[in-house]
Protein chains: 2
Amino acid sequence: MSTENPQAAGLAALAGLIADRTRAACLLALLDGRAWTAGELARHAGVAPSTLSEHLGRLVAGGLLAEERQGRHRYVRLADARVAQLVEDLAAQVPAAVVRRPPRSLREASAGAALARGRTCYDHLAGRLGTVLTDALTRRGLLRQDTGFALTDAGVEWFGTAGVPLDPGGRRPLARGCLDWTERRPHLAGAAGAALCRRALEAGWCVRVGSGRAVAVTPSGERVFSDLLGISGRPWLETG
Amino acid sequence: MSTENPQAAGLAALAGLIADRTRAACLLALLDGRAWTAGELARHAGVAPSTLSEHLGRLVAGGLLAEERQGRHRYVRLADARVAQLVEDLAAQVPAAVVRRPPRSLREASAGAALARGRTCYDHLAGRLGTVLTDALTRRGLLRQDTGFALTDAGVEWFGTAGVPLDPGGRRPLARGCLDWTERRPHLAGAAGAALCRRALEAGWCVRVGSGRAVAVTPSGERVFSDLLGISGRPWLETG
DNA sequence: GGGACGCTTCGGCGCCGGCCGAAGCGTCAG
DNA sequence: CTGACGCTTCGGCCGGCGCCGAAGCGTCCC
């Protein structure tokens with residue numbers, strides 16, 4: 001037992017990919033589900049392009065990132081939903097006290113507030129908006145969280161009538177809980193969460209605001225959420 | 001954005017705790033859910049006691065381990081189920097190719113086979129046994145995995161009649177899937193999984209074999225699983 | 001009390017890994 | 001064609017971290 005444990009070595013290597021400030025910042029940034037260029041990430045992380053290039057090499061080699069070369073640009077994104085979930089889970093584990101720090105400027109404060117109201121979490125909706133939708137689904141008996149985390153039969157039907165196609169064939173679970181790091185409660189993730197988010201953005205129920213992950217509900221979205229889920233008012237604007 | 005991202009620093013620090021061969025080996029060993037002494041872990045990991053002592057200090061300070069001092073012994077165990085899940089999730093992510101290596105000896109081969117048949121995964125049952133039970137629950141409509149991962153109402157009732165007390169009040173989800181790293185399929189975890197495992201060991205349906213995490217089904221367990229879940233034969237002995 | 005034992009602290013060693021700037025390569029625009 | 005641009009490779013620097021053995025401390029057993 002004491003000699004060369006490949007399991008441990010693999011685990012350490014995987015964690016080692018994340019165990020660096022700069023790489024961690026990249027992974028968190030990429031949690032918006034979109035593809036970033038190497039230069040954008042370098043500026044975001046505050047290191048030289050040469051430094052970041054090496055980091056990307058390691059992340060890609062380790063299977064955490066997928067890359068796509070276009071002309072002189074190198075686009076990278078999270079390899080798949082599993083990786084996104086892993087990063088989310090780890091990030092959710094870091095003590096809230098570490099993350100909560102007073103904003104340094106008005107701009108930063110308002111950006112933070114926008115993220116707290118609504119944002120994408122890889123491929124699904126999070127923040128106050130994400131939990132409001134998840135709670136509404138639960139209240140209507142479409143989702144059950146009391147004995148686990150799964151859609152009910154009525155829930156599957158609801159997704160159909162809402163015009164949100166669900167692919168039951170995929171290897172991904174249809175529904176799973178994802179711990180929201182601003183709300184500290186679970187919101188809907190998995191194939192259903194991704195489908196709902198995609199539909200909401202396509203149909204204009206929500207729009208991306210700013211350059212990042214923040215998302216806001218449109219007037220049409222308000223109507224739809226009211227009609228389909230009985231959500232009255234604008235609970236996603238209320239501060240926790 | 002480019003200056004001092006506490007979120008990233010926290011994530012990197014957390015991952016850094018796991019990103020070491022020796023500490024990873026400890027965490028994996030502690031996944032058996034029991035408390036180990038510092039010396040046992042040092043021998044297991046193949047490093048000097050002094051080295052391991054420092055590792056334990058960091059893991060405890062980082063909140064991954066809980067410690068209990070008894071006389072001249074220092075017992076440590078995983079801090080809670082969240083940490084266990086985190087380690088499991090990470091371990092499940094390391095490529096199977098890395099882990100699968102031919103056994104070096106007959107003893108090692110038979111130990112591996114015993115683990116593949118049945119073992120504890122922190123506080124619930126895993127391996128072939130874990131997935132067999134999970135599948136039986138699913139087949140009987142007690143657990144649904146098609147739209148997520150949750151007990152059904154019939155499932156909650158079943159746990160009651162099976163003499164397995166469930167505490168619905170806890171903050172832990174009643175049921176969640178945990179990816180089995182030998183079966184590569186999910187098995188039942190969460191409060192229900194833990195309760196089932198506890199009951200199975202208490203009632204002698206299963207017993208621990210050897211010194212580690214391996215678990216075997218007793219004749220009485222066979223009868224119970226047949227009566228309560230309609231499991232015929234000994235599917236947990238069949239090699240995948 | 002004495003000795004064995006388990007754990008911890010400390011100093012020192014060596015290595016690995018992150019960082020940068022300089023230089024080079026391919027791509028795109030004018 | 002030429003220059004700007006994005007990315008990569010390389011060399012070199014530096015700090016941090018994991019390792020050990022020696023020494024010390026507390027506990028347990030005889």
Side-chain angles (χ1 to χ4, degrees), chain A residues 2-5 8-30 34-62 64-77, chain B residues 2-5 8-30 34-62 64-77:
Chain A
S2 65
T3 53
E4 292 182 34
N5 180 343
L11 175 55
L14 175 59
L17 286 177
I18 311 178
D20 172 84
R21 241 193 99 79
T22 302
R23 287 196 295 271
C26 292
L27 292 170
L28 288 171
L30 289 165
R34 298 191 287 185
W36 293 49
T37 68
E40 287 169 341
L41 285 172
R43 280 187 297 278
H44 174 77
V47 297
S50 59
T51 301
L52 202 108
S53 177
E54 293 174 3
H55 285 306
L56 290 187
R58 298 183 57 171
L59 289 171
V60 170
L64 295 189
L65 299 188
E67 71 181 349
E68 210 165 324
R69 310 250 176 174
Q70 272 183 28
R72 54 182 165 182
H73 293 283
R74 178 194 208 177
Y75 285 94
V76 292
R77 53 183 166 72
Chain B
S2 63
T3 52
E4 291 183 37
N5 180 342
L11 175 56
L14 175 59
L17 286 177
I18 311 176
D20 172 84
R21 239 193 101 81
T22 301
R23 287 195 296 269
C26 291
L27 292 170
L28 288 170
L30 289 165
R34 298 191 285 184
W36 292 49
T37 67
E40 285 168 343
L41 285 173
R43 280 187 296 277
H44 174 76
V47 297
S50 60
T51 300
L52 202 109
S53 177
E54 292 173 4
H55 285 306
L56 289 187
R58 298 183 58 173
L59 289 171
V60 170
L64 294 190
L65 298 189
E67 69 179 354
E68 212 165 324
R69 309 249 177 176
Q70 273 184 25
R72 55 184 166 181
H73 293 283
R74 178 194 206 177
Y75 284 94
V76 292
R77 52 183 166 72

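Below, chain A is the first sequence line, B the second, and so on; all start at residue 1. Predicted model only: the values in this text are computed from it and were never measured.
With contacts defined as side-chain heavy-atom distances shorter than 4.5 Å, the pair A:R74/A:L56 qualifies. The side-chain heavy atoms of A:I18 and B:L14, taken from C-beta on, include no pair separated by under 4.5 Å. When side chains are defined from C-beta on, B:N5 counts as touching A:R21, because their heavy atoms get closer than 4.5 Å. Counting only heavy atoms from C-beta outward, the side chains of B:L41 and B:T22 never approach each other to under 4.5 Å. By the 4.5 Å heavy-atom criterion applied to side chains, B:L59 and B:V76 are not counted as neighbours.
A straight line from CZ of A:R74 to P of D:dC5 spans 21 Å, rounded to a whole angstrom. For the pair B:R21 CZ and C:dC16 P, the interatomic distance rounds to 14 Å; values are reported in whole Å. One interatomic measurement links the two molecules: NE2 of A:H73 to P of C:dA29, which rounds to 9 Å at whole-angstrom precision. Computed from coordinates, the A:L56 CG to C:dG18 C1' distance equals 14 Å when rounded to whole Å. In this structure, A:L52 places its CG atom 14 Å from P of C:dG21, rounding to the nearest Å. In this structure, CG of A:D20 is placed 14 Å from P of D:dG16, rounded to the nearest angstrom. Note: CZ (B:R69) to P (C:dC5) measures 21 Å, nearest angstrom. When the P atom of C:dC19 is taken as reference, atom CG of A:L41 falls 13 Å away, rounded to whole Å.
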Next item on the list: Summarise how protein sits on nucleotides 25-30 of chain D as a single string, 5' to 3': B when a protein heavy atom is under 4.0 Å from the base, S for sugar-phosphate-only contact, - for no contact.
Entry: -BBS--
Notebook entry, point to check: Which letters describe nucleotides 9-14 of chain D, given B = protein heavy atom under 4.0 Å from base, S = only from sugar-phosphate, - = neither?
Noted result: BB----
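Here the closest non-hydrogen pair linking B:R23 and B:G16 is NH2-O, 2.9 Å. When all heavy atoms of A:A24 and B:A8 are compared, the pair lying nearest together is CB-O, 3.5 Å. Heavy-atom minimum distance, B:L52 versus B:A45: CD1-CB, 4.3 Å.
Interatomic distance, A:R34 CZ to A:Y75 OH, rounded to the nearest 0.5 Å: 11.5 Å.
Residue B:H55 has a polar side-chain atom (N or O) positioned under 4.0 Å from OP1 or OP2 of D:dC19. Here B:R23 does not reach the OP1 or OP2 of D:dC19: none of its side-chain N or O atoms lies under 4.0 Å away.
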